[in-house]
Amino acid sequence: MALHLYNTLSKKRELFQPLRDKEVGMYVCGPTVYGHSHLGHAKSYVSFDVIVRYLRYSGYRVRYVQNITDVGHLLGDTDDGEDRLVKQSKAEQKHPMEVADEYTRSYFEDMDALGVLRPDISPRATGHITEQIEIIKTLLQKGLAYEGNGSVYFDVRKFHAYGKLSGRVLEEMESGKRVEIKSEKRNPEDFALWKKATPEHVMRWPSPWSVGFPGWHIECSAMSMKYLGEGFDIHGGGLENQFPHHECEIAQSEGATGKPFVKYWLHNNMVTVDGQKMGKSLGNFTTLKDAFKRWEPEVVRFFILQSHYRSTLDFSNEAVDGAGRGLARLRQTFQQLAGRIQTAPEGNEPHTISLDTYRSEFCKAMDDDFNTPQAIAVLFELGKEINGLIASGKPFGRGSLQEIDEVRKELASGVLGILEETIAPQSLNGTSEADLLGLIVEIRKDIRAQKLWGISDKIRDGLQKLGIVIEDTKEGAQWKKVT
RNA sequence: GGCGCCGUACCCAAGUGGUAAGGGAGAGGUCUGCAAAACCUUUAUGCGGUGGUUCGAAUCCACUCGGCGCCUCCA
C-alpha cells in the first residue's frame, strides 16, 4: 500500500504523489512567539514531526520549513486592537524583539525535549519583510489589492476561488458580525496585507504605502514560496487556521503567481480539556514546561501519538499517566531484550518472530493517513511476542536478537521518535554506579541463599526509595532505575 | 445565522460495509519466600437514540439527543 493522506482541500483521502518525484516540499505554520508553548503546540508539532520522519523513512527527500511569527499582529482587524507582542513586551518591560527571542528559545527548548527534529529552515517573519512587500506590490499591479490611507487590503471579491479550502461562500458569511467594518475596506471580508503603523506600534518598517507592518497572512505566503517554490507539496497547520489564515494564504499566493499554491493541505486537530479546546484565549492551557514537571517529555509525545492527528485528544492527568505506564512497559521489553543481547551466545540461533510482518503492518498503518495509534498497537503486539520469547529462556543467537532490536530502532526511534536510539540493558548511568549495584545484588543473592528475607527485603526496599527497583527473576535479580 | 466535526467499555483511543485494534485501570491464574515484572485468561451480543438501505452497518441515508470547533489572535 502506498501512502495516502487526507487532503483538507479535497476533503478526501488521496494517494500521495509529490510534484517532483521523490522530493517533498513541506511548510507548517509555526508559533507566534509571545508565550511559552503548551500541549496544543506539542500535538501539532509532534504530529508533523512524525509525518516528516515517515516521509523520509519512505524514501522521500523532504525540505521542511516552519516559520516563526515574530511580527506583532493586531488582535482583530481594527486599529484599536492590541499588538500581542507589544502587550507582552510591556508586561515584561522588554523590547518586542527580546520577547520574540525569549519565547523562540523557549519553543525550541520544549520541542527538543519532545524529540521533535528541527525544521530544515526556521524563517522569521521579520527577516522577510522585503519578500512580503514584493508580493503585495504584485497583487496591487494585478488589481487584486487596493490601498487606502497607507494600508493595503486584498480584494476578496476579485479572487473567485476564495473559500475553496474552508468551504465558505461569501454571500453566506454574515458579514461584520464579529469583525468591525473598517471604512478603508471596500468589503468586510477583505483582509489586510499591509497596515499603517500607529505611533505606539514599535515594530515598523518602511514600505511604498506607509511606515507600517505586514498583515498576518502574507508572511506564510512569502516564506513558503521563497524556500519551496511557487507551488509545493504539503502545507500543514492547526485546524483553527484553516479559516481565515490558510484561505487567505491561498488567495494571496495564487493571486500573485497564477499557479496552484499547495497540493496537499493537512490540518491537525486540537487538544481538549473536558471536551473544550485548549487554547490561549480560554486560558485553560497547560504549558509544556509545567507538563514536564510531572511527565517525561517522551511520555507526552507518546500520549499524543496514541491518538490520530486529525482527532481531538482529550487531556487529563489520568490519561497521560496511563500512557506513561504503557510506554514504560514497552521500554522495559526492549531493555530486557538488550540485556539478553549482551549475554546471548554468538551465532544466529533463529527466533520465530516474523519481523517483516511487523514492519509491513506498521507501514500499512502509517500509509493510511499516518495512523500512529494503529502503528503503536503494532509495536505492542511485537513487544508481547518479544516478552514471550524472553520468558521462554531459549538461547537465541546474538545476531538474531539484534535483528529484533533493529525494528525498534527503525520504527519506534526512527519514525515515531520514541524509545531512544540505544537502550542500555539496565539504564546504567556510568559504569561505577552499575558496578556498585551489581555488587549489592550479588551480596543480596548470598543473603537470600541463606533465606535471610528480612535483610534481603531491607536492601530491596531501601533501593526502591532511591529510585532503583530490584526484580527477582528466574535468571537472577535485575535492577532498573525508575524516574 | 453560516460552514464543519465528534459521540466506541471505568479512562484514553483505533476501526468508514463483513461481523468490535491497542494502551491504562479492574478480575482470575502461572511463577515467586514475599513483592515486582513477565506470561495466560478475562472485562462493550455492543459502538448516543430512533427509523431506513443492505444478505450483512459502529461504518451508508434520514431524523433526533448531546458535546465541540471555525466565522476575532490561537497549534
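All heavy atoms count here, side chains included; hydrogens, waters and symmetry mates do not. Naming convention: chains lettered A, B, ... in sequence-line order (proteins, then strands); numbering from 1 in each chain.
- Salt-bridge annotation for Asp461(A) and Lys465(A): absent, with no side-chain N of the basic residue lying under 4.0 Å from a carboxylate O of the acidic one.
- Taking side-chain N and O atoms only, Asn387(A) has a distance below 4.0 Å to OP1 or OP2 of C39(B).
- Between the side chains of His246(A) and His267(A), at least one donor N or O sits under 3.5 Å from an acceptor N or O.
- When distances are taken from the side chain of Leu313(A) to each of A21(B), A13(B), A75(B), the shortest belongs to A13(B).
- Ring-base stacking between Trp453(A) and G33(B) is satisfied, the centre separation being under 5.5 Å and the plane angle under 30°.
- Among the atoms of the strands shown, base atoms are found under 4.0 Å from some heavy atom of Val271(A).
- For the OP1/OP2 pair of A38(B) and a distance below 4.0 Å, the side-chain nitrogens and oxygens of Arg329(A) include at least one atom meeting the criterion.
- Checked against A37(B), C3(B), A14(B), the side chain of Arg168(A) finds its nearest nucleotide in C3(B).
- A salt bridge links Asp70(A) with Arg124(A): at least one charged nitrogen is closer than 4.0 Å to a carboxylate oxygen.
- Residue Gln306(A) places its side chain closer to G22(B) than to any other of C70(B), A13(B), G22(B).
- One interatomic measurement links the two molecules: CG of Asp472(A) to C1' of A38(B), which rounds to 14 Å at whole-angstrom precision.
- Using a 4.0 Å heavy-atom distance criterion, Tyr45(A) is classed as a sugar-phosphate-only contact.
- With 3.5 Å as the limit, one finds a donor-acceptor pair spanning the side chains of Glu184(A) and Tyr153(A).
- Note: CG (Asn317(A)) to C1' (A25(B)) measures 16 Å, nearest angstrom.
- Closest contact between the side chain of Arg325(A) and the listed nucleotides G24(B), G69(B), G33(B) involves G24(B).
- Nearer the 5' end of RNA chain B, as judged by each residue's closest nucleotide, is the contact made by Leu327(A), out of Leu327(A) and Asp274(A).
- Across all strands, Gly40(A) comes closer than 4.0 Å to base atoms (heavy-atom distances).
- Distance from the side chain of Gln336(A) is smallest to A37(B) among A37(B), C12(B), A14(B).
- Comparing C34(B), C73(B), C12(B) by their closest approach to the side chain of Phe303(A) singles out C12(B).
- Atom NZ of Lys94(A) has more than 12 heavy atoms from other residues, nucleotides or ligands within 6.0 Å.
- Remark: C1' of C73(B) and OH of Tyr34(A) are 6 Å apart, rounded to the nearest angstrom.
- The base of G33(B) sits with one of its N or O atoms less than 3.5 Å from a complementary donor or acceptor on the side chain of Asp457(A).
- Within 4.0 Å of Glu240(A), counting heavy atoms only, lies at least one base atom of the nucleic acid.
- Comparing the same atom, C1', in A57(B) and in U19(B) gives a spacing of 10 Å after rounding to whole Å.
- Side-chain atoms of His4(A) come within 3.5 Å of backbone N or O of Ala2(A) as a donor-acceptor pair.
- Picking from G22(B), A36(B), C68(B) the nucleotide with the shortest atom distance to the side chain of Gln276(A) gives C68(B).
- Nucleic acid contact for Ala319(A): sugar-phosphate only, since backbone atoms but no base atoms lie under 4.0 Å from a heavy atom of the residue.
- Among the protein residues, His245(A) comes within range of no part of the nucleic acid, since none of its heavy atoms lies under 4.0 Å from any strand.
- Across all strands shown, G33(B) remains unpaired; no Watson-Crick or G-U wobble contact has both distances below 3.5 Å.
- Counting to the nearest Å, the P atom of C71(B) and the NE2 atom of His267(A) are 12 Å from each other.
- Comparing U59(B) with C6(B), their C1' atoms sit 15 Å apart, to the nearest whole Å.
- The P atoms of A35(B) and G26(B) are separated by 16 Å, rounded to the nearest whole Å.
- A37(B) atom P lies 14 Å from atom CD of Gln335(A), rounded to whole Å.
- Nucleotide G46(B) forms a pair with no other nucleotide shown, judged by Watson-Crick or G-U wobble geometry with both contacts under 3.5 Å.
- Judged purely by atom type and a 3.5 angstrom limit, Ser413(A) uses its side chain to pair as donor or acceptor with the backbone of Leu419(A).
- When the P atom is used for both A20(B) and A44(B), the distance is 12 Å, rounded to whole Å.
- Proximity of Lys384(A) to the phosphate of C39(B): no side-chain N or O atom is located under 4.0 Å from OP1 or OP2.
- Checking C60(B) for Watson-Crick or G-U wobble geometry (two distances, each under 3.5 Å) identifies G52(B) as its partner.
- Taking the P atoms as reference points, C5(B) lies 22 Å from A9(B), given to the whole Å.
- The CD1-P distance, from Ile447(A) to C34(B), rounds to 19 Å in whole Å.
- Looking at the side chain of Asn371(A), the nearest of the listed nucleotides G33(B), A14(B), A75(B) is A14(B).
- When the shell of 6.0 Å around CG of Asp274(A) is examined, it contains 12 or fewer heavy atoms from other residues, nucleotides or ligands.
- Of the N and O atoms on the side chains of Ser106(A) and His36(A), at least one donor lies less than 3.5 Å from an acceptor on the other residue.
- Atom-to-atom, NZ of Lys11(A) to P of U16(B) comes out at 20 Å; the value is rounded to the nearest Å.
- Counting non-hydrogen atoms under 4.0 angstrom, Thr312(A) reaches the backbone sugars and phosphates but no base.
- Asn269(A) has no side-chain polar atom (N or O) that falls below the 4.0 Å cut-off from OP1 or OP2 of G69(B).
- Between A75(B) and Ser47(A), no contact under 4.0 Å exists linking OP1 or OP2 to a side-chain N or O.
- The side chain of Lys277(A) places an N or O atom within less than 4.0 Å of a non-bridging phosphate oxygen (OP1 or OP2) of C70(B).
- A38(B) and A25(B) have their P atoms separated by 10 Å, given to the nearest Å.
- In this structure, G1(B) forms a base pair with C71(B), meeting either the Watson-Crick or the G-U wobble geometry with both donor-acceptor distances under 3.5 Å.
- Nucleotides A21(B) and U16(B), compared at atom C1', are 15 Å apart to the nearest Å.
- For the pair Arg448(A) and G33(B), the criterion of a side-chain N or O lying under 4.0 Å from OP1 or OP2 is not met.
- Ser311(A) comes within contact range of the sugar-phosphate backbone alone, with a heavy-atom separation under 4.0 Å but no base atom that close.
- Here C34(B) presents its P atom at 16 Å from CD of Glu471(A), a figure rounded to the nearest Å.
- Salt bridge Arg460(A)/Asp457(A): present, at least one basic N to carboxylate O contact under 4.0 Å.
- Nucleotides C12(B) and G49(B) have their C1' atoms positioned 24 Å apart, rounded to a whole Å.
- For Ser307(A) and Gln242(A), each mapped to the nucleotide of RNA chain B holding its nearest heavy atom, the one lying further toward the 5' end belongs to Ser307(A).
- In this structure, A27(B) forms a base pair with U41(B), meeting either the Watson-Crick or the G-U wobble geometry with both donor-acceptor distances under 3.5 Å.
- Of the candidates A37(B), G33(B), A75(B), A37(B) carries the atom nearest the Gln332(A) side chain, counting heavy atoms from C-beta on.
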